Amino acid sequence: LKEYIKGDNIDINVDIIHEDDDILVVNKPPFLTVHDAPSVKEHTLVDWLKYKQISLSTISGEERHGIVHRLDKQTSGCLVVAKNNKAHESLSKQLESRCMGRYYLAIIDSPLKDDCIIEKPIDRNPANRLKMGIVENGRYAKSAFKKLCLSKNMKEELIAIKLFTGRTHQIRVHLSSLNRHILGDSLYGFKSQNDTISRVYLHAFLLYLIHPTTNQLVYFKAPLFDDMNNYLFENFDKEYLHEILFKDDFIINSFDFLDKRL
């Protein structure tokens, strides 16, 4: 049934940020699922990769060829694909040791009181299986949140996030524990006043990793998609946004406060 629904014509636009013999880095669009699952009826990123005949690692199995890590369907941004098994093994080890990671951007419905680090365990929410939650005996999770820019009406805020672990819905759950929510995230509590926000405004802006062959630390940046980008430039200070989004190392340097707390 699924193959019949999908068909053979894969009409998906995915921007390639970087490609070499070992890795492919893409800017995953919102609403694109990374890999197949029983509930997935539409085309996935893996379908697109195979359609483009891109060499992919096979370690993760048929449905997840090339996939080392994932992003939620509504989340956009940087995602690295392994083109061979050697690269896949290297990237997997980096994920475990946190040599590889991402800096995220999000727009939240109420400003944070301060830059902060949240260390709260996460597991499946016993009251709602669709959600994750702060659970006493859950898996260890650690996130750092950095205030970047207030909206013109002072009610919303652009923040940056650095993860030290990679739990499902980690950013959304840790923000919810602060009674803050990403715009568009109705699952964890954001209540939209209109229908103009159609997805969670969360974007993996920067990806860093050690290249599997050169052993050099490399960074990749994924431009924002029009929906989130337009919302920011309509509701936030344009001059400061340009500094945040286009100045090299701005996001990375903004987490200097971590050095004093770690």
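Remember, it's a predicted structure, so these values are computed and weren't measured experimentally. In this chain, residues are counted from 1 in sequence order.
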Could you walk me through whether Glu156 and Tyr231 pass the side chain to side chain donor-acceptor pair (under 3.5 Å) test, one step at a time? CA-CA 11 Å; Glu156 298 165 353; Tyr231 190 93; 2.8 Å; yes
Scan side-chain atoms only and decide if Ser76 and Arg199 contain a donor-acceptor pair under the 3.5 Å cut-off. yes
Is there a side chain to side chain contact (heavy atoms under 4.5 Å, CB included) between Ile117 and Lys142 once you walk through the steps? CA-CA 7 Å; Ile117 299 170; Lys142 180 179 178 180; 3.8 Å; yes
Drop me the distance from Phe190's CZ to Ile182's CD1, to the nearest 0.5 angstrom. 11.0 Å
Ser143 side chain near Leu163 side chain, heavy-atom distance below 4.5 Å: yes
Can you confirm whether or not the ring centre of Phe233 sits under 6.0 Å from the ring centre of His242? yes
Asp15 and Pro223, any side-chain heavy atoms less than 4.5 Å apart: no
Hey, any chance Val68 and Phe220 share a hydrophobic cluster, counting ILVMFWY side chains that come within less than 4.5 Å of each other, even indirectly? yes
Can you measure from NE2 (His65) to NZ (Lys50) and round to the nearest 0.5 angstrom? 5.0 Å
Of all heavy-atom pairs between Ile244 and Phe205, which one has the smallest distance, and what is that distance? O-CE2, 4.4 Å
Below 4.5 Å, heavy atoms only, C-beta onward: do His174 and Ile122 meet side chain to side chain? yes
Compare all side-chain heavy atoms of Leu241 with those of Leu158 and state whether any distance is below 4.5 angstrom. yes
Pairwise distance NZ(Lys162) to OG(Ser254) - rounded to 0.5 angstrom: 10.5 Å
Salt-bridge contact Asp115-Lys147 (side-chain N to carboxylate O under 4.0 Å): no
Close side-chain approach of Lys221 and Leu206, heavy atoms under 4.5 Å: yes
Do Val80 and Val26 share a hydrophobic cluster, counting only Ile, Leu, Val, Met, Phe, Trp and Tyr and linking them when any side-chain heavy atoms are less than 4.5 Å apart? no
For residues Lys83 and Asp22, determine if any side-chain heavy atom of one lies less than 4.5 Å from a side-chain heavy atom of the other. no
Is it true that Ile171 and Val34 fall in one hydrophobic cluster, defined by side-chain heavy atoms closer than 4.5 Å? yes
Given side chain to side chain contact (heavy atoms under 4.5 Å, CB included), test Phe145 with Arg180 step by step and report yes or no. CA-CA 12 Å; Phe145 298 96; Arg180 303 294 190 274; over 6 Å; no
For Asn153, I'd like to know if atom CG has over 12 heavy atoms of other residues, nucleotides or ligands within 6.0 Å. yes
Please report the C-alpha distance between Leu91 and Ile23 in whole Å, then the side-chain angles of each, then the deciding distance to 0.1 Å, and finally whether the side chain to side chain contact (heavy atoms under 4.5 Å, CB included) criterion is met. CA-CA 10 Å; Leu91 295 173; Ile23 61 173; 4.0 Å; yes
May I ask you to check whether over 12 heavy atoms, not counting those of Asn13, lie within 6.0 Å of atom CG? no
Linking I/L/V/M/F/W/Y whenever any side-chain heavy atoms sit under 4.5 Å apart, do Tyr140 and Ile134 land together? no
Which is it for Leu150 and Glu157 under the side chain to side chain contact (heavy atoms under 4.5 Å, CB included) test, yes or no, and what are the steps along the way? CA-CA 4 Å; Leu150 286 175; Glu157 187 171 41; 4.0 Å; yes
Classify the angle between the aromatic ring planes of Phe250 and Tyr240 as parallel (below 30°), tilted (30 to 60°) or perpendicular (above 60°). perpendicular
4.5 Å side-chain heavy-atom contact, Ser151 and Phe236: yes
For the residue pair Leu187 and Leu130, what are the closest heavy atoms and their distance? CD2-O, 3.8 Å
Just how far is it from atom CG of Leu49 to atom CD1 of Ile67, taken to the nearest 0.5 Å? 6.0 Å
Short side-chain to backbone donor-acceptor contact, Asp47 and Thr44, under 3.5 Å: yes
If we ignore angles and hydrogens, is there a donor and acceptor under 3.5 Å between the side chains of Ser90 and Gln94? yes
What are the two closest heavy atoms between Val135 and Pro126, and how far apart are they? CG2-CD, 4.4 Å
Determine whether a donor-acceptor pair (N or O, by modelled atom type, separation under 3.5 Å) exists between the side chain of Arg98 and the backbone of Leu95. yes
Aromatic rings Tyr103 and Tyr208: how do their planes relate, parallel, tilted or perpendicular, breaks at 30° and 60°? tilted
Heavy atoms from other residues, nucleotides or ligands near NZ of Lys152 exceed 12 (cutoff 6.0 Å): yes
Hey, quick one: are Leu56 and Leu209 part of the same hydrophobic cluster, counting side-chain heavy atoms closer than 4.5 Å, chains of contacts allowed? no
Could you report the tightest heavy-atom contact between Leu175 and Ile108, atom names first, then the distance? CD1-CG2, 3.9 Å
Taken to the nearest 0.5 Å, the spacing of Asn235 CG from Asn230 CG works out to 10.5 Å
Under 3.5 Å donor-acceptor, His88 side chain and Thr58 backbone: no
Are Leu202 and Gln74 close enough that some pair of their side-chain heavy atoms sits under 4.5 Å apart? no
In short, Ile159 meets Leu148 closest at the heavy-atom pair C-CD1, 3.8 Å
Considering all heavy atoms of both residues, which atom of Leu71 and which atom of Gly77 are nearest to each other, and what is their separation? CD1-O, 3.7 Å
Does His181 reach the main-chain N or O of Tyr188 with its side chain, forming a donor-acceptor pair under 3.5 Å? yes
Output the distance between atom CZ (Arg102) and atom OG1 (Thr75), rounded to the nearest 0.5 Å. 9.0 Å
Quick one: are the ring centres of His43 and Tyr51 less than 6.0 Å apart? no
Taking everything shown except Arg124 itself, do over 12 heavy atoms lie less than 6.0 Å from its CZ? yes
Check for a donor-acceptor pair, side chain of Asp249 on one end and backbone N or O of Ile252 on the other, with a separation under 3.5 Å. no
